[in-house]
Structures are given as structure tokens and as C-alpha cells.
Amino acid sequence: MDVWTITIVGVGTVFLALVGLSLMLGMFKRLFHGRKDSAPSAATAEAPRPAPARAADGTLVAVISAAIAAATGGQPGSFRVVSVQASGGFSTPVWGHIDRLTRTGSGR
Amino acid sequence: MDVWTITIVGVGTVFLALVGLSLMLGMFKRLFHGRKDSAPSAATAEAPRPAPARAADGTLVAVISAAIAAATGGQPGSFRVVSVQASGGFSTPVWGHIDRLTRTGSGR
Amino acid sequence: MDVWTITIVGVGTVFLALVGLSLMLGMFKRLFHGRKDSAPSAATAEAPRPAPARAADGTLVAVISAAIAAATGGQPGSFRVVSVQASGGFSTPVWGHIDRLTRTGSGR
Amino acid sequence: MWQNILEFLQSTGFAAFGNSSMMVFGVIPGELIMIVVACVLLYLGIAKKFEPLLLVPIAFGMLLVNLPLGGVMAAPLGDTPGGLVYYLYQGVKLGIYPPLIFMGVGAMTDFGPLIANPRSLLLGAAAQIGIFITFLGATALGFDLKSAASIGIIGGADGPTAIFVTSKLNRDLLPAIAIAAYSYMALVPIIQPPIMKLLTTKKERMVVMDQLRDVSKTEKILFPIVVTIACGLLLPSAVPLLGALMLGNLFRETGVTARLSDTSQNALMNILTIFLGVSVGATAAAERFLQIETLKIIALGLVAFAIGTASGVLFGKIMYRTSGGKVNPLIGSAGVSAVPMAARVSQVVGQKENPGNYLLMHAMGPNVAGVIGSAIAAGVMLSFLG
Amino acid sequence: MWQNILEFLQSTGFAAFGNSSMMVFGVIPGELIMIVVACVLLYLGIAKKFEPLLLVPIAFGMLLVNLPLGGVMAAPLGDTPGGLVYYLYQGVKLGIYPPLIFMGVGAMTDFGPLIANPRSLLLGAAAQIGIFITFLGATALGFDLKSAASIGIIGGADGPTAIFVTSKLNRDLLPAIAIAAYSYMALVPIIQPPIMKLLTTKKERMVVMDQLRDVSKTEKILFPIVVTIACGLLLPSAVPLLGALMLGNLFRETGVTARLSDTSQNALMNILTIFLGVSVGATAAAERFLQIETLKIIALGLVAFAIGTASGVLFGKIMYRTSGGKVNPLIGSAGVSAVPMAARVSQVVGQKENPGNYLLMHAMGPNVAGVIGSAIAAGVMLSFLG
Amino acid sequence: MWQNILEFLQSTGFAAFGNSSMMVFGVIPGELIMIVVACVLLYLGIAKKFEPLLLVPIAFGMLLVNLPLGGVMAAPLGDTPGGLVYYLYQGVKLGIYPPLIFMGVGAMTDFGPLIANPRSLLLGAAAQIGIFITFLGATALGFDLKSAASIGIIGGADGPTAIFVTSKLNRDLLPAIAIAAYSYMALVPIIQPPIMKLLTTKKERMVVMDQLRDVSKTEKILFPIVVTIACGLLLPSAVPLLGALMLGNLFRETGVTARLSDTSQNALMNILTIFLGVSVGATAAAERFLQIETLKIIALGLVAFAIGTASGVLFGKIMYRTSGGKVNPLIGSAGVSAVPMAARVSQVVGQKENPGNYLLMHAMGPNVAGVIGSAIAAGVMLSFLG
Ligand code: NA
Ligand code: NA
Ligand code: NA
């Protein structure tokens, strides 16, 4: 392997990658700047919030279905999963397994 | 292995184990409820307490002796250990190796 | 291996080592006691201090040069490293890689 | 030189997409689809807060392993070391991480409400029926026994248990089962309430339960020891999980091992959670995950949760009858474990009928009993099939 | 199916008791006796607070390994992974945990009182005589050299040192030696005072010692480096233990590595303590532990402690004479290490004769010297026999 | 017996000096010289505060391995286990520690200033030119390609990156390269300012830059995911380092994985830092380290830093022109990474010309971009030579 090739390809790749990232970040500004943050801050995690999981209940199944359907050549509908109905009215946020334990009286 | 065997034995074992535990816990109530806690709370660990180790000094040797004597077919007395005399008056609790280091000035 | 050899050499080594250390510590007292501490205390690490690195800039290269020159049979001057000039006036202490990250706003 | 540059371009992941072993519709490389799936899981974990502590590492592991040629899961070859995640994965493969995480769970769990009300254990047992019925269903759908057992354990609603069993029985299913288990644990507040309402009457849901007795420190210390001995003798294959859970709980309760309890549930648990999550995610290579089986597993996992909930509630109804109306059947659903979410669900559903009713502590009993119950169910599966 | 159920029942631990390789009186399986012994150790650790941070994990490991068929110590077999504790145990077998725990001990130890009064080192040396006399005694009782050396090191009153030496010389003795070492460390306030009073006069016990000089930061930083180089050159086999101890102490004293000192003595030490304790306990299989040798080891351990205490005190008396009455011989007993318990014992015994006498800091010198002393004694044993 | 004692004396390190494989001037054993070098490094780390968190463990590892017969790096032989540091070293050899430390670095890094000003990335790219020019220079000086690449990466000013690349390409150079990398990172405030002043005009140095825009939480969360996918596809060999860095950063930014972020940057990072430092230091056996190559490496490392600084500043001048004088070229030097030291240097140098000028946050952009840049440069080297 030629030392000059490595040098040229190396410098080129570093610039290519970082210029590419720079362009992507330029798009970030257009897409997200000025928009209000969608993710609520951690400080308010303890406070009741309206059913954060409701909108997402079917997302996982839908996406994985579509992906697998595509992958295996079938159609998304060929393996039907009845959508889970949101029960509504939950003010309990969806904690992580560990967090959940921590925040009850059981955690020290 | 038959799927039904596993299912029946499985459900059976889960119930057997948890019903068994449930009965044991029922005895806990009779044995311990109402009794005052024998173990002092951690919050008072720093305070002087009267010789907690005194009563237990011979326990270890006695029990292991008995166990080994039984196991090896001899009698407990055949290998005699003179009981350690408690010196009395110690107000220092018996800390763990690590705790001990931590609680002197040497721990940060 | 004889059990008495081990015992005698063992007790001898333990005493030899600890008496040796004891003598060395005796020298410590003469060398360092009464002297003011040269290393500043951790409590003041955040405060500006005058260029702690300045005096040491060439130390590493000088010492390793000398060591390697000796080891490889050459003279220290045979591989000349132009001494790094201190820029002066830095009030920034030289933090560790991790500490540095921690102390900026970037660390949580 | 130009040839070298060309070769270098050939070595990029973009080029490797062209050689993917799995081309969907003949055009889309499977890895690309998996990257999208990983991003969706990150979205669910971060924005929707589905068990983020597990889903974020799992999704990121999935992302890393599907970047072509990244080699994070590469096995060592001669003198060349393997990839980073290959080594992290050994702790999953050898069954080391899940019991140690369970030790941390034990250090976090207060078994007091269970000791105060031992009948809770029956509800914790009943809710495991979902595991076995799903096991039956999975075999009926054509899964072999080992896979079916791994799928059934999703209904145990305990991530480490599900991962431990699957790592022993059929490692190919690890990512699907881990994702299903953690997703449904996060979805407990969505899945359970309709079932609970369907199976109970308004009168049952309004039952106010007696206050729990105090539990002494001695009882709390004896509990993990007794459980280890009793269950360990009955079901040796449950010892790694149950023993670790109970050791962690003992650290918590002795009052003299606070240091060990603290590290078990914090530093050690967090380290293992990262390693476990990333390496489980990294088993999701495209050609293994993009199978119709994955969807079946996700569907069966939902079935397991639903049946577990239903059998817990139905058993609660039996206890309601036999106790002369003193037991609120809503606490039965908490038996699936998913601590403490399922207990909160009991509390919320109960409070809706009767705003002054506080079922939380009563539901914590079945809730923690469910953890023991599914560890025992796991032991049975491993005993027959491991 | 009934046959399958029968087979399942055969696979419980209860059934396995019947096939135990060690039947006591022809009826009681050895494993059952070991479970009782484990419970007694748990009682001593928890209720009597005998070094609970070590005894609780050790006893629990003993409990787990004696649940028949639990397989926590099973070696891997072909493609089947080994048991959880088998893997944790590798860190003991390969000699990894004890030095790393010693690093944490170093990060917790203040060698200031030793630097201020270097003659303390002599007392730290004298108290190690118990190790070697016990070694002689054990060989006289028929133990082979390696076992005798492991037993002698109990007198060093340092758990990690005893475990390190035993793991290199005779792993079969690990549980007995670890239990003896930690139990006697906990019993120091019971074992030492009678010996101390027997060997000293009231006048000696009443000696008030001069205040210690201040020790500069530079001295504290140089100390671990100097000890590592000097002792490492004299006794290479002591390098793993002493080097790790001194590295931890260096982290503590530099003032610029507080992060490393903190993790050494907390997260890392706690993790390793759990792993070490559980896996040492799990070496106590019934047929290995229920031997007359175990009792001999426990008795010899007590002898080692007593002789170490006595020789420390006697050497203290020599220093009392040579110093013209300036050294209180009670600080000699602290040379066995068991930091800082033995130093507290010196303080308490001294204060009883002379209520205004504060020997604690003077006793800390021999106390920490004893840690170095027993590491060197361990090095000698490993150098001859390892 | 006297013969045994003689043999014992033969086994001390002092005696072993006489059999040293490397005798300098025919008298001084190489190990003794290495012990002195280790002490100098300890002095630099502790008294001069050169990256003490790494230099102290590295120097101590160097000290331990050069105590003759200490055997801390001994490989296992038959049934005899290896030395302690031999086992710790496996995490370096297998490439495990550096990416996991990078995960902690990611959890500590705020990419906000970079997201706010994406052009910073160009400066982060420019400063990596030092890596490649040094690579050229090293080959010209006679180093083989793998060694030259390892040396060049010193210019990346990232310890874990340099150690990762060197561990894959030429492990013999590990201690020299690690010491050079960390020393120069500590010396950034000495090395950079003269170069910065030489290459810029007073007018350029006085430029006040516009305030950076706010960056939303969403952008901060998306950034690590996008970087992982984009760079991972472009350069698969950068995945272990970049992926781990970005995973740590994701833990930091999600807002729901604070536990994982905390452990990544504290307990786990500290443990790995100790293990990495000690084992890298322990590769510095006398006969390997006391070579003329070591000096060349240290000299070339300085060259790499200087050229990286210069190319960053020169690229800053280009941006000064193209932006119509809005970019202060002093922020270019921060592109070498050495976070956040290099950014502070930009700040201090700028403030000297214009006391009211606050360049720190502007310089943080190139600074963190330099971390990504050198990880990519490392990926290129590994892709061609790994
Ligand atoms: Na469960
Ligand atoms: Na000792
Ligand atoms: Na860089």
C-alpha cells in the first residue's frame, strides 16, 4: 500500500466526512431551529403527563411488520395484528424498568 | 418431551412453589409479628453498643465443630476448642473490613 | 524446602524489609519535615495558578533522551530535540483529560 | 494509486450495501431496513419513553451491527481480535449478565407488601399461566419447543428472565424477544386496563382492602434466605436467577451491607445494562431478524401479556369470592410483574371507580410475587429443555 | 407423561439429597449440613455484624453451591456454558480480585501515622511472627507446606492477602481460611485484650505517648512509591499485593487523581467484594469443607492471631525499655493489622487504665505497618512455595 | 539450609538486576533506568499535573513491570496463572477499553457548539492534516507503515484513539505513543500559542464572533445518531470508536438515560482508565522502550501537534477571508481536539489581544469536531493497514 495513497485518501476522507456532516447539520438548522422542543425536559419527568405512549402503541408493530413484510416478500397485511387500543386517561409516564423500581418507595 | 407435560408440570410447579412460600410466610407472621426487631437499625450503627460480639464468640466454632464432627463420624468433643473469653466492656461495634477503614479518619 | 528455612528467612525478610523502610522514613523526616509542601492542595485547583507546566516542558524529553542515549550507547546530544519554549502568562492549569471535560459546561 | 482509491471506496459501507446477503425487492439491502427499525426503536425509547434504559442500548446495538463491514460482532480470527460487541456479548452467551442484573433488581425490591400478605403469591403464580398458554400456542404455530419456551417467557414481563432463558434455549431469537418483552412492559398501562375492566364488575373494582400489617426487619432478612433455600431445593434450575435476586435483596435488608446494595443497583447494574442492551441488539443481523418469525414472536408476546393479565384478574375474582369480598380482583393483574408499573395500573383503574381507594401497596404484593413466579417458570423451562 | 413428571421430581434438589456423595450418619446429606452452616454464618454476619461485607457474600455463595443440582459452579462442558459463579470464580483462581481489592484498601488507608513514627514498622513486623509460628505448628500437625503457609497467613489478619496466598497454594482450603480470617478479624476485640493485659504491667499500659509530628503531602506521595520500589526489589513475589496497595494509596494522596481513588474504594471495590465473597463461599462444597482439617484450620487461625498479638505486645515492651518508657507496649498488638479494629482495641485497653490517654493515632502506625508486613510475609511464602 | 537462603537471595530483584538482558554501559541494568523514567513520569503527572489521571497509572504500570521478577505481565504457563497486569492488558490487546472510554468521553461532551456552527467541522478536519503529514514523515524516517500510522495518530490529540490504533497496528509502540499523546495533550498551552501568534495578524486575532444560536434538544439527540450512520457507512473501520463515542453522547442527551450516562462517565470510565493506564505502562519493558525509536516517536508526536495546530489556524485564516472577517482564525487551533484545553488556549490567546473577546464557545465547536476528525483518521489508517 502506497504511503501517498493513504495520505491523500486519508485527508480526503476526513474532509469528505466532516464536510458531509457539516451539510447535514446545516439542514438541522432549517428543520429544527425555532421549533419548540418536542421532548419534554427531564426535570418534569416526575410530573403527570397525558398518555405519552398512546400515539405510539401501534408504531412498533406497524414498522416491524412493514419491514419484515418487505424483507420476506409478502405484504404488510398478510400477517394482521389487531391494533392495541389505548385506554386513555393515564397520567402515569412510561418509566424504564430500572427507573420504575427506583422511584417507588422500594428504591433507597 | 411432551408440550403438555411441560405445561402441566410448569403451572403445577409455579403454584406449588408459591403456595409453599405463602404457607411459610404465614408462619413468619406467627413467629415474628409483634416481636420487637432484634437487629438494631443502621442509623444507630455509629453509636456505642454493648459488646455485640460477646454472645456469638463461640457460635462459629461450636456449629462448625458439630457439623464436622457429624460429618466425619466423631463426636463434637473429640477435637476440643477452649472457648474464647469475652473481655467485656467494649463499646466498639464490630465493623466490616471496609466499613472500618471508611469510618476512621483515613477514609475520605 | 525445609520448614525452618522458610520460617527463618521469612521472619528475617519481614524484619529486614520493614526495618529498611523504617530507616528510609527516618530520612524522609530530615528531608521533608519543616519544608513547606510543594504540591498545592486540591482545594485550590480551580483557582488560576502561574504556568505550572512551564518548568517541566523539557523534562520529559531530556530525561527520556538521556535514558535512551545511555541505553543505546550514544550521547544525549546525538539526537537533538529543540527545547519547547514556554509561552508564559497562562493561568490555566493543566488538567487531566477527564477532569478537563468534567469542568467545562460539557460535563454534567 | 487510483486502483487503491477504488479499492478503498469498495470498502465503504455504501458499497457493501450492494453486496448485502439480503436484498429486499431485489433493491433494498436488509441492513438499511434494520437501520430504519433501529431508528424507530430509538424514537420509541427516547421520545415515547418505552423502557429507554434498555431500548436505547438495544436499538443502538442493532444500528451498529447493521452498518456493513463495521465488524463490531466479528469473532476473533487467528491473531486478529474480535469486534468490541463480540466480547461484550460473551456475558449474554455465558448467562452472566442477567443474573447479576437480577441481583440489582433484588437490591431495589421491597418484598414487604408480599410478606405482609402472603396470599399475594397466589396471584403472582396465576399470572404466569400466560407463559405456559403462550408456550402451547407457539408450538401450535410451528415453533420448536425451545423457541416456544423462550417466547412464552415474554409473558413473565421480566426482561432479564426472558433474556436469560432465550440465551440458553435459542439465541437467534434474542433481539425479537428482548424487544417484545421490554416494549410490552412499557405498554402495560395500555394493554392491561381494557382486560381488567372486561373481566370485573364495578362492585369488585370498588372493594377497599384492609391496611397491610407492619413487617419486621427480621422477616425481611429471613425472606430472601428462605426463598432461596425452598425454591432452590424444589427447582435447582431456578437457582441462578432466584439466588441472585435474593442475594441482592439480602444486601438491601441486612442493614450492614448498604455499600453492596448500593453498588448492585447502581454502578454494576448500569454497566451491565449497557453491555447487555448493546450486545442483545447486536444479535439482530438483518437476515436473522427480518423473518416472519419476528412478527409472530411480537404477536405472541402480546398474547402472553394479555393472558397473564386475564388469569391474574380471574384468580383475583376467585380470591374475592373465597375471602368474602375482601380482595379487590384488580390487584391480580399486577401479578405479571413489570414492577411497579402493573401495580400502578391496578391503583389507577381502582381509583377511577372509587377515588378514595389506594390499592398500590396491595398490588405491590402480587407484583413482586410475579418476579419470583416468572423466575420459577423460567426454571421449569430450563429444567425440561436447557 | 407420568414418567416425565416422575423424572422431573427426580430432578429436584430434595431428590438429589438422596444421592448425595456425603451421607452423615448414613442419613443426613452433607449439603444439608452445609446449608445450616451457611445460615449460621449469615446470622454471624448480619445479627452479630462479623465483617458482614465479606461474610454475607461468602455465606450466600456457600448456600448456593450446596443447593443440589443448582450448578452455579459447574464448569462449561462442550457448548454448554458453565454456571454463573464458575465465571465469577475465575477472578479468584487467576489472582485478579485480591490485588484489586487491595488497591481499594490502599485508597482508604492513611499512612500518615506510620510516616510520622517509622519505628511503628518494627511492631508491624513483630506481629507477623504469628504467621510463621503457626506455619511451623501446622506442619507439625501434619499439613503439607503449601497448606501450612496458607493457614499461617490467617494470622496476617488481612482477608485479601489470605485469599490471594491460598488461591495460589491450595485452593481447596479457600472457604475455611477465608471464613477463619474474616471471623477472627471481627473477633479482634474479644481475642486481643486478655493477651494484652496478661503481658503488660499497669505502669506500661498507662504510658502517654508524645504527639505525632505533622506529615507533609510530599512525604505521603513519596511513601507508596518508595515502598513499591524498595520492597518490590527485595521481594518480587510481593509485587502484586504491595504494588496494588501502593497504587491505590498513591491515587489517594496525589490530590489530582481523586476520581480514581474514589472508584477504587467504592464502585470497583464493592463489585469485587461481591464477586470474591460469593465465589470463595462457593468453593465450600460439602465433601471438601466437612473435614476435620477445617476445624484444625479454624483453631490454628486463632493461634496465629493470638501469637501475632503476643509478639507485637512483647516487641512493644522491648521498645518501651529501649525508648526509656516513651512507647506504650499496648500499641504493639495493633501490628496484626485488622485495620482499624486492632488500633481501636489498643486505644480502649489503654484508656481503661488511664482515661485521658489517646493511643489511637499511635496505634494506627503499627496497624497499617501490619498490612505491609503481612503482604511481605505472603510474598515470602509465595516465593518459596508458589 | 544456607544454600536455600542463598537461593532465596538469588531470587530478589537486586540479584536479578545482575542478570538483566539489557546492561547499559555494561553496568546499569535497563530496568533501573526504566524505574527512574517511571518516577519522572510520576513527577510530571503529580507535581506538574500532566494528565495525571492517565500518566499516574501509566507510570505506575511502567514501574511495576520493571521490578525484576515481579511477574505482573507474565503470561499463564500451563496451570500457573499469569500476572495481574497480564489479564488487565487483555482489554487493551482486544481493543475493548478504548472504545468504552470513548463512550464515557461521549457522555461528557456537549456537541451543542458544533451543531450551532457546522462550519466548525472544517476546522476539525483541517487540524487532522498533522496526522497525515507526520505519517509521511515517519515513513521517511524509516518507520514501517503500521508504526508510522500509529505515530501520526498522536497528532489527533486523543489518548484512547491513539491507543486503539496502536493496539491494532503495532503494540510494541504502545507505551511511547501513549506517553507522547498524553504529555503533549497536557502541553497544549505551551505548544500552541507561539504557532498561533506566528501565523495570524493582530487584526485577525481581534475578531469578535457572533453569538451562537441556541440548539434544541431534538438536534442534540439526532446528532449522535446521524453521525453514527453517516460516518459508519462511509468508513466502517471507524465504527467502534465513533459508535461508542456517539452512544455515550446519546445517553447524555436523551434525558431518559441519565443513569447510563452517569455510569459511563464515572464508575465505568474510572475503572477502565486505571486498567488501561496500568497495562499500557506495563508494556514498557526496558529492552522495548529504551530504543532510539522512542525518542523519534516523542519528537514526531510534537511535530504532529505543531502541524495540526498550524493547519487548523491556516484553515481558520481561509475561513476568515471567505466569511468576510467574521471568523477568528484562533479557533482553528482548537481543531486538534485535546478537549477542552485547546479551546481554552484559543480563548486565552484571543483575550490577550482583545480583553472583551470570548472565543471559548466558538472554539468548542472545532474542538469537539477534532475528536470526530481524529476518529475518522484512525478509521482510515485501520482500513488500509489493520
Ligand atoms: Na413475572
Ligand atoms: Na497483617
Ligand atoms: Na483530534
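Letters A, B, ... mirror the listed sequences (proteins, then strands); counts begin at 1. Just so it is clear, the structure is predicted and the values come from calculations on it, not from any experiment.
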Are any non-hydrogen side-chain atoms of T254(D) and P52(E) less than 4.5 angstrom apart?
no
Just give me the residue among V239(D), L247(D), L235(D), I96(D) that pairs up with chain E most often, heavy atom to heavy atom, under 4.5 Å.
L247(D)
Tell me, side chain or backbone of L63(E) under 4.5 Å from chain D's heavy atoms, or both, or neither?
side chain
Using non-hydrogen atoms and a 4.5 Å limit, figure out which bit of V278(E) sits close to chain D: side chain, backbone, both or neither.
side chain
At what distance, to the nearest 0.5 angstrom, does CD1 of I271(E) lie from CG of L100(D)?
9.5 Å
How many angstroms lie between atom OH of Y86(E) and atom CG of L94(D), to the nearest 0.5 angstrom?
10.0 Å
One should read off an interatomic distance between L67(E) CG and L233(D) CG, to the nearest 0.5 angstrom, of 5.5 Å
Heavy-atom pair of closest approach, residues I274(E) and S264(D):
CD1-OG, 3.5 Å
Check whether L84(E) gets within reach of chain D through its side chain, its backbone, both or neither, counting any heavy atom under 4.5 Å.
side chain
Which atoms of S383(D) approach chain E - backbone, side chain, both or neither, heavy atom under 4.5 Å
side chain
Side chains of L250(D) and L42(E), heavy atoms from C-beta outward: is any pair under 4.5 Å?
yes
Check whether M246(D) gets within reach of chain E through its side chain, its backbone, both or neither, counting any heavy atom under 4.5 Å.
both
Taking all atoms of both residues into account, what is the closest heavy-atom pair of V256(D) and G45(E), and its distance?
CG2-O, 4.0 Å
What heavy-atom pair brings G70(E) and P240(D) nearest, and what distance separates the two atoms?
O-CD, 4.4 Å
Give the minimum heavy-atom separation between I229(D) and I35(E), together with the two atoms involved.
CD1-CG2, 3.7 Å
Compare every heavy atom of R259(D) with every heavy atom of Q265(E), then report the nearest pair and how far apart it is.
O-NH2, 2.6 Å
Let me know if L268(E) has heavy atoms under 4.5 Å from chain D in its side chain, its backbone, both or neither.
neither
Tell me the closest heavy-atom pair linking K93(D) and P81(E), and the distance in Å.
O-CG, 3.6 Å
Can you tell me which portion of N266(E) sits under 4.5 Å from chain D's heavy atoms? Options are side chain, backbone, both or neither.
both
Portion of F17(E) that has a non-hydrogen atom of chain D nearer than 4.5 angstrom
side chain
